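One structure below.
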Amino acid sequence: MASVSNLTGTLRRSLLIKVISKPAPSKEDVNTVIELTASKVVESLQAQSMTLYLVEGGEIAFKQVYYSPTLWGADKGKEVTFRETQKKLLTLKLPAGTGNVGKVIQTGEPLFFTGKGPDAASLKKMEVGFEVTSMLTVPLKANIIIGAIQVLNKEPSAGTGGAFTTKDLSMLKEVAEYSSTLIQRMLDPKFQLTPEDTAKFISKFTELPLVSKADEVEIDEKLVEITGDAIIRRECIFPYKKTGTNSCSVLMTNPLDYAKRESFSQATEMMIDDVKVISASLLDELLKKFFKEAAGKKTGEAATEVDIDEVKDLISGAYTEGGGTGEVKAADLESEDSAPIIQLTNRIIEDAYISGASDIHIEPMEKDLQVRYRVDGMCFEKMRLPKQVSFAMVARLKIMCNLDISERRLPQDGRIVFKKFTKKNIDIDLRVATGPMNHGEKVVMRILDKAKSTLPLPQLGFSEENLTKYRECVRQPYGMILHCGPTGSGKSMTLYAALAEINTPDVNIQTAEDPIEYTLPGLNQMQMNKQIGLTFERALRCYLRMDPDIILVGEIRDKETAQIACEAALTGHLLVSTLHTNDAPSTVSRMGEMGIEPFNISAALVCVCAQRLLRRVCKNCKVKYVPDGREAEIIMKALDLKEPPEIFKAAVGGCHICGGNGYKGRVGIHELMVNCEEIVEAINKEVEVADLKRVCMKNGMKTMHQDSMLKVKFGLTTMEDALSNVPADMIAEAKPVGAGGEAGHAKKAH
């Protein structure tokens, strides 16, 4: 059974976690667990032969048979014989009670024979094709005995003369104990696996310490408080001890979930130094212990903690159980001040944050109220609520952001400072927009995580070439740098990352933002407020009198702001801002439509960076393949390749790390138009956008499509996602991206 010996420890552990996390295991999962168990036995005991048996229909079936290569050495004839024997045995079943295995299954007691013991004669009777000097057989016992594991002879390299020891017996019994329950769960859908059993399996297979009681570790309460329950719940990682200035020891339910480890480190700015395994039930117990809800009520929140699904079921029940015969009556749900509405609204926001959502959509439909989250750029439905809840929930959200609840005919926008409405350590703001739809008012909330820090420029997906060019641009003493793309394309994050890189004490940076998404030390940030007349235009005029070196304007929306921004860039300031256009060359015509003269645009412009965010294909379960047909043609043309490279696609059904989506996280693609003499000439001549794009490409600009194909080539995303976000270039003279000089891009983006 070569597969047993070839399974690496990491692969075994990954398979185990994947299988355990499945709600309904398949036949393949049963085989996987059996193979995992067999490989663990062979590795731990250094056995020359291993057989795993299961009871099926009153008979004993061979499920795994392993023979070590040391049994045949260089004799190819012997090897063939052992392989044929292996195949034959896997088709056989023995009557119940047959031999030593039957005895162990009937009695539930292990057998340990050696060639020098009283049972040596029975070993000589074993017809297995080689001399048996030692044997261990132990039962697989869950709530019933479901099979047995038998090992014969230790490897000669073990130095025990082929004999097993009592220590080996204890080890085999231990493996059988924690494996049998897992195998039973695979075989019997009604058999329930407890969180404690799951933690035990994970601990054994990952060879990490298991914490089964809270008092087994000394917990630093201050560290837990600083981290906050929101991060702990979201990542299922409980920090308990500081090991350094920026490192800590943690408890995890799944130590192999490296995506959560990375997310935890980014959120807390602490590296994980040491990991111990904990059950999901003990994690809940610790959360309840350290994050108790205080008695009484805080503004707009009930004293007791209620799960989102419980509140949802409670509210739905009010309309299905005779109009409110349960705990909550239908009449209670028509007021924005009722406890169930307040609880549900808060739980939706908390759940979206913990799920890693960027936006929450509250959408009234004809017959119900739909709640959707946007995660990694994709919307998915979270729940549906009774239609009658719609008015009260929208009114509640309006109250939270101080909007006019009586105005339902016009769009409104506002901001929620969520920590005013929750006792949890969730420091987020929400940018709220409401609008009248045909079935009621829709509300969309953008989550702004104030605890999240900006990423450094190299981690945003820039290719080596684009990163070098962009860094040169942001270090210019004056001029205009514009970022363009739709809402949610990562423009703000890129601008913040650029400012963080050039933010030094000798530079005065002023920002005008609506809203302030990230708070950066050393920056002078101003929040816009239309209601009192504080607009981008007015903020810019103010900043020009405050001795700035660099000015960030959140967005250029109108002619006045564009005019002042252009003047600032022409009078010795570096101005960075965002604009809504499809690609980099289109930005020039958009500025022209706002009334800016072409010669002013060409003189002020340093560069334009157009960008999008593509979904990262899951590193754990992505599938490699060689594209053909149209896919091969597209990538070969974009990257100037003679044959299609091996690329990846998302696995159907995904895995536990990506939550079954096949994708985890996002990566940026960029189109960087850096100003030069030829581009200045083209802008002054007011050429068409397509002609300007040709000029830019001849001067080294790589289009977003070309950059997306690089991401596909380096295994960061899929062809499907790349083409769904950025279509293939239609410019006839498009210059393909050379493969040389871009190889470092994949490493940087990873």
Side-chain angles (χ1 to χ4, degrees), residues 454-476 478-502 509 511 513 517-518 550-557 562 565-566 569 574-591 596 601-602 604-614 666-676 679-680 682-683 689 692-693 695-697 699-711 722 725-726 729 737 742 745 748-749:
T454 58
L455 294 173
L457 276 175
Q459 292 186 22
L460 298 181
F462 279 102
S463 66
E464 288 282 4
E465 181 183 345
N466 281 343
L467 182 60
T468 302
K469 288 181 180 178
Y470 187 72
R471 278 177 161 161
E472 290 175 1
C473 291
V474 297
R475 284 174 170 79
Q476 294 298 312
Y478 54 83
M480 183 187 294
I481 296 175
L482 297 175
H483 280 256
C484 59
T487 302
S489 60
K491 303 187 297 295
S492 297
M493 174 62 82
T494 308
L495 286 178
Y496 279 111
L499 291 182
E501 192 163 290
I502 59 178
I509 303 176
T511 77
E513 305 171 61
E517 295 189 31
Y518 302 96
I550 300 170
I551 301 173
L552 181 148
V553 179
E555 186 181 345
I556 295 177
R557 300 174 180 171
C566 199
L574 181 65
L575 185 132
V576 293
S577 188
T578 67
L579 208 62
H580 289 280
T581 59
N582 286 331
D583 57 13
S586 302
T587 304
V588 175
S589 62
R590 178 78 183 108
M591 292 288 287
I596 310 301
I601 299 173
S602 63
L605 204 60
V606 174
C607 76
V608 179
C609 180
Q611 63 186 88
R612 299 287 190 280
L613 290 176
L614 303 184
R666 290 194 284 179
V667 63
I669 57 170
H670 305 87
E671 181 175 281
L672 193 63
M673 184 182 92
V674 180
N675 206 1
C676 64
I679 293 175
V680 168
I683 292 173
V689 172
L692 180 59
K693 188 168 186 175
V695 173
C696 295
M697 293 173 73
N699 283 276
M701 183 186 84
K702 307 299 186 291
T703 67
M704 278 190 291
H705 168 65
Q706 290 173 325
D707 199 33
S708 71
M709 289 300 105
L710 280 172
K711 301 296 191 296
N725 282 275
V726 183
D729 293 319
V737 179
E742 297 281 5
H745 157 267
K748 288 287 183 183

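Because the structure is a prediction, the values reported are computed rather than measured.
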Item to check | Asn675 (side chain) donor-acceptor with Leu605 (main chain) under 3.5 angstrom | outcome: yes
Next on the checklist: Counting C-beta onward and ignoring hydrogens, is there a side-chain heavy-atom pair between Lys711 and Asp707 closer than 4.5 Å?
Outcome noted: yes
Checklist entry - Does any N or O in the side chain of Glu671 come within less than 3.5 Å of the main-chain N or O of Ala584, such that one atom is a donor and the other an acceptor? => result yes
Item to check | Minimum-distance pair of heavy atoms, taken over all atoms of Ala682 and Leu692 | outcome: CB-CD1, 3.8 Å
Item to check | Thr587 side chain reached by Met673 side chain, heavy atoms, under 4.5 Å | outcome: no
Next on the checklist: If I compare all heavy atoms of Ile556 with all of Ser577, which pair ends up nearest, and what's the gap?
Outcome noted: CG1-OG, 3.3 Å
Item to check | pair Ser708-Leu614: side-chain heavy atoms closer than 4.5 Å | outcome: yes
Next on the checklist: According to salt bridge (Lys or Arg N to Asp or Glu O under 4.0 Å), who are the partners of Glu472, at least two apart in sequence or on a separate chain?
Outcome noted: none
Item to check | Interatomic distance, Arg612 atom CZ to His670 atom NE2 [nearest 0.5 angstrom] | outcome: 11.0 Å
Next on the checklist: Counting C-beta onward and ignoring hydrogens, is there a side-chain heavy-atom pair between Ile502 and Arg475 closer than 4.5 Å?
Outcome noted: yes
Next on the checklist: Rounded to the nearest 0.5 Å, what separates atom CD in Gln611 from atom CG in Asn466?
Outcome noted: 11.0 Å
Next on the checklist: Using the salt bridge (Lys or Arg N to Asp or Glu O under 4.0 Å) criterion, which residues pair with Arg666? Sequence neighbours excluded.
Outcome noted: none
Next on the checklist: If you count heavy atoms of other groups shown closer than 6.0 angstrom to CG of Asn582, is the number above 12?
Outcome noted: no
Item to check | Atom pair CZ/SG of Arg590 and Cys484 - distance to nearest 0.5 Å | outcome: 11.5 Å
Checklist entry - So which heavy atom on Ser489 is nearest to which on Leu613, and how close? => result O-CG, 3.5 Å
Next on the checklist: If I compare all heavy atoms of Leu574 with all of Ile481, which pair ends up nearest, and what's the gap?
Outcome noted: CD1-CD1, 4.0 Å
Checklist entry - So do the side chains of Leu575 and Val553 get within less than 4.5 Å of each other, counting heavy atoms only? => result yes
Next on the checklist: So which atom in Glu555 and which in His580 form the shortest heavy-atom distance, rounded to 0.1 Å?
Outcome noted: OE2-CD2, 2.9 Å
Checklist entry - How far apart are the closest heavy atoms of Ser586 and Val689, and which atoms are they? => result OG-CG1, 3.8 Å
Checklist entry - Taking atom CG of Leu710 and atom OG of Ser463, what is their separation to the nearest 0.5 Å? => result 7.0 Å
Checklist entry - Gln459 side chain to Pro456 main-chain N or O, any donor-acceptor pair under 3.5 Å? => result no
Item to check | Side chain to side chain, Cys696 and Ile679, heavy atoms closer than 4.5 Å | outcome: yes
Item to check | Interatomic distance, Cys473 atom SG to Leu672 atom CG [nearest 0.5 angstrom] | outcome: 6.0 Å
Next on the checklist: Rounded at 0.5 Å granularity, tell me how far CG in Leu457 sits from OG1 in Thr494.
Outcome noted: 7.5 Å
Checklist entry - Should the ring pair His483 and Tyr470 be called parallel, tilted or perpendicular, given that the plane angle runs from 0 to 90° and is split at 30 and 60? => result perpendicular
Checklist entry - So Met704 and Asn725, side chain to side chain contact (heavy atoms under 4.5 Å, CB included) or not? Walk me through it. => result CA-CA 10 Å; Met704 278 190 291; Asn725 282 275; over 6 Å; no
